[in-house]
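Because the structure is a prediction, the values reported are computed rather than measured.
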Amino acid sequence: MIQLTRDEIDYVAMTEAVRTPQAGAVVLFLGTVREMTAGRRTVALDYEGYPEMAESKMRELAEEARRRWPVEKLAIAHRLGRLELGDVSVAIAVSCPHRHQAFDAGRFLIDTLKETVPIWKKENWADGTTEWVHPGT
Amino acid sequence: MIQLTRDEIDYVAMTEAVRTPQAGAVVLFLGTVREMTAGRRTVALDYEGYPEMAESKMRELAEEARRRWPVEKLAIAHRLGRLELGDVSVAIAVSCPHRHQAFDAGRFLIDTLKETVPIWKKENWADGTTEWVHPGT
Amino acid sequence: MKVQVKLFARARELANSDVVEVELPADGTVGQLRAVLTERYAALRPMVRSLLFAVGNEYADDAAVIPPNGEVACFPPVSGG
Amino acid sequence: MKVQVKLFARARELANSDVVEVELPADGTVGQLRAVLTERYAALRPMVRSLLFAVGNEYADDAAVIPPNGEVACFPPVSGG
């Protein structure tokens, strides 16, 4: 279950979708829009994506997680467009037989998503300026 | 938000309760009743607790997590009584500014809960026998 | 002094009681309680060393002195989660 | 050959276009595309070394040859999540 959406992410449906009697552990990660970043106040974020490649990379991430851990089920969703403070920008749900597998797989999925999936955010600072977040530039 | 309950755990309310614009990351862990354990089939688990001490220990866990990580909000719930396959026995929701903090705090909370909180489960095996789970005995 | 001891899980089932009253000397310890309990309940003897005790909702080792009117509990290793 | 290049994020804003067409020799490489793009769009020059390229939805380095009719994209480092 891989999804790019401009609507609110339904993390409850994702969590229910990964629950199964084969798994003893479910880990859900939510990335949410934080107000303060390095002392500066944000009022909103704009997320832009390269949809075809982003979905392809998210599917690759899912396959890699399944190779590395005994994943029963997983779901990844990323939102695009204008997000307000506290909104969920990304959700990852994963179920495994045992809890450390689910924690490790969930952390791998979000860490690697942030490195490889072609999605970008633009800060809308409280002072009225905007700024693309492009690490290393 | 610390809860021992004989009813279904409302993990959605717990997750919503820990969301905040001060946090960029929410981690939710669900422990669910797994059908197979070391090759044996379970049909149900009975959870028993020592309620006063269990709640006291869960509060201590929450305080320890707050000392060790910049936790914005957290919620812990454990269910008691008869649980069927797939039911949620324990839920931990934690929010932090950054994701690795939330993953580390969530993992600490469930690992330590399983070691210190006085709750016990009894397996109801598919062959009709029952067995208390008492590690090391 | 009389001490009420709450029992849980397999300890409760083996003793066939969820609370038992035992007589201990004043300043009696958890170690003395462990001995008294397993003397009275033969079924508990196979798990005597793994039984855990709590006094006032805190884990207590064999050297811990049991206060008068303290809340005391005895149970096997925990398995929540 | 003519290559359509999709631009994203700050690269799209600096070039003021979400897709540009450039002329490359047959068997042109990503490195040649990088040079042509930053020659045409002066605004992209400060980020020339950090621009990433994808061909057919896969990251491609400067040595990668661009196939005819391949889907090509150019963008700065990603920041999703």
- Least distance between heavy atoms, S79(D) atom then W120(A) atom: OG-CA, 3.4 Å
- Mind ranking R79(A), H78(A), E48(A) by heavy-atom pairs under 4.5 Å with chain D and telling me who comes out on top? E48(A)
- Message: Taking side chain as everything from C-beta outward and backbone as N, CA, C, O, which of these in E58(D) sits under 4.5 Å from a heavy atom of chain A? Side chain, backbone, both or neither.
- Response: both
- Message: For E23(D), is the CD atom crowded, meaning more than 12 foreign heavy atoms sit under 6.0 Å from it?
- Response: yes
- Message: For the CG atom on D62(D), are there more than 12 heavy atoms of other groups (residues, nucleotides or ligands in this structure) within a distance under 6.0 Å?
- Response: yes
- Message: Please check if the number of heavy atoms outside R10(D) that lie under 6.0 Å from its CZ is greater than 12.
- Response: no
- Message: Using a 4.5 angstrom heavy-atom cutoff, name the option from R49(D), E71(D), E13(D) with the most pairs to chain A.
- Response: E13(D)
- Task: Considering only heavy atoms, give the residues of residues 13-46 of chain A separated from chain D by less than 4.5 Å, sorted numerically, with 'none' for an empty result.
- Result: none
- Query: Can you say whether R12(D) sits under 4.5 Å from chain A via the side chain, the backbone, both, or neither, judging by heavy atoms?
  - Reply: side chain
- chain D contacts: which residues in residues 121-135 of chain A have a non-hydrogen atom closer than 4.5 Å to it? K121(A), K122(A), W132(A), V133(A), H134(A), P135(A)
- Task: Identify the residues of residues 50-67 of chain A whose heavy atoms come closer than 4.5 Å to a heavy atom of chain D, ordered by number, or report 'none'.
- Result: Y50(A), E52(A), M53(A), S56(A), K57(A), E60(A)
- Just checking heavy atoms, which of residues 112-119 of chain A are less than 4.5 Å from chain D? L113(A), K114(A), E115(A), T116(A), V117(A), P118(A), I119(A)
